[in-house]
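This one's a predicted model, so the numbers in the text were calculated from it and none came from an experiment.
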Amino acid sequence: MKVFLHCDNANEAYFGKGTKLTVLEPGLNITEPTVTVLRPSPKECKYRSPKDKRQGKERDEREEKKTIVCVASGFYPDHVGVTWKIDGDEIVVKDLYKDETTSVATGSVALQEDKYYNITSRLRVPAKDWFTFEKKFTCTVSFFNGTHTEHYSDSIYGVKDKAREKYLRITQTAKFSYGVFIIKSSAYGAFVAFLVWRLQRSARKHND
């Protein structure tokens, strides 16, 4: 049986500040977490609070949000903490379901059937951030292995907003088509004016 002490000053949501005594179960080895960041669901729309739903408030595209999920699994023991960064800047932990622009919610450590642990954290960001191409979202899990803390990370990147791109393409095509129409109309008008001038000139010569 192994026993070690872990002084945790960062994640009181899980352990509380201070020192935690851990007794390792026989047959279980210290195992680092596997960290995976999952993309938002394409069907996800803006979160509406129960109050908004009761008042029948409509969805506001400017307030649309996307939820990025981080899953750390298969670790033992359960001394972990989760942090998020966007383009290298760490996100201060906030309530996922309040109206902050960007928010984080991390669940409690859960014991799996194989006696190892997993934990899930959610980063909620404005949809425009997710649709910023190559914007980097990083989840880092700190894991105390009995002697020191190690860090394990995974990242995903923002994508292009295909709907917006399609709209811009349609708009540009429409502008181009309109421009071609104006040029053709001008050319046709000039041609008609030239024909009228020629006919009028011919008529004056005939009368003379």
[X]: which residues meet the side chain to side chain contact (heavy atoms under 4.5 Å, CB included) condition with it, sequence neighbours left out?
X	answer
Y152	E32, P33, V35, F143, E150
D89	none
T120	V69, V71, R122

Which atoms form the tightest heavy-atom contact between [X] and [Y], and what is the distance?
X	Y	result
S121	T106	OG-OG1, 2.7 Å
N145	I30	O-CD1, 3.0 Å
A127	K66	CA-CG, 4.0 Å
P126	T102	CD-OG1, 3.7 Å
T138	S155	OG1-OG, 2.7 Å
Q112	G74	OE1-N, 3.6 Å

Geometric class of the Y76/Y117 ring pair [parallel <30°, tilted 30-60°, perpendicular >60°]: parallel

Same cluster (ILVMFWY, side-chain, under 4.5 Å), L38 and V125: no

Same apolar cluster: L111 and V109, side chain cutoff 4.5 Å: yes

Can you confirm whether [X] sits close enough to [Y] that some side-chain heavy atom of one is under 4.5 Å from a side-chain heavy atom of the other?
X	Y	value
D154	C139	no
I68	W84	yes
I86	L123	yes
V159	F133	no
T83	K85	no

Salt bridge (charged side-chain N to carboxylate O under 4.0 Å, His left out) involving K135 - partner list, sequence neighbours excluded: D87

Listed partners of F75 passing ring-ring contact (aromatic ring centres under 6.0 Å, His included), at least two apart: none

Partners meeting side chain to side chain donor-acceptor pair (under 3.5 Å) with T36 (sequence neighbours left out): none

Side-chain donor/acceptor of N29 to backbone N/O of T31, under 3.5 Å: no

Option from V37, V141, T140 for which side-chain contact (heavy atoms from CB on, under 4.5 Å) with S153 holds: T140

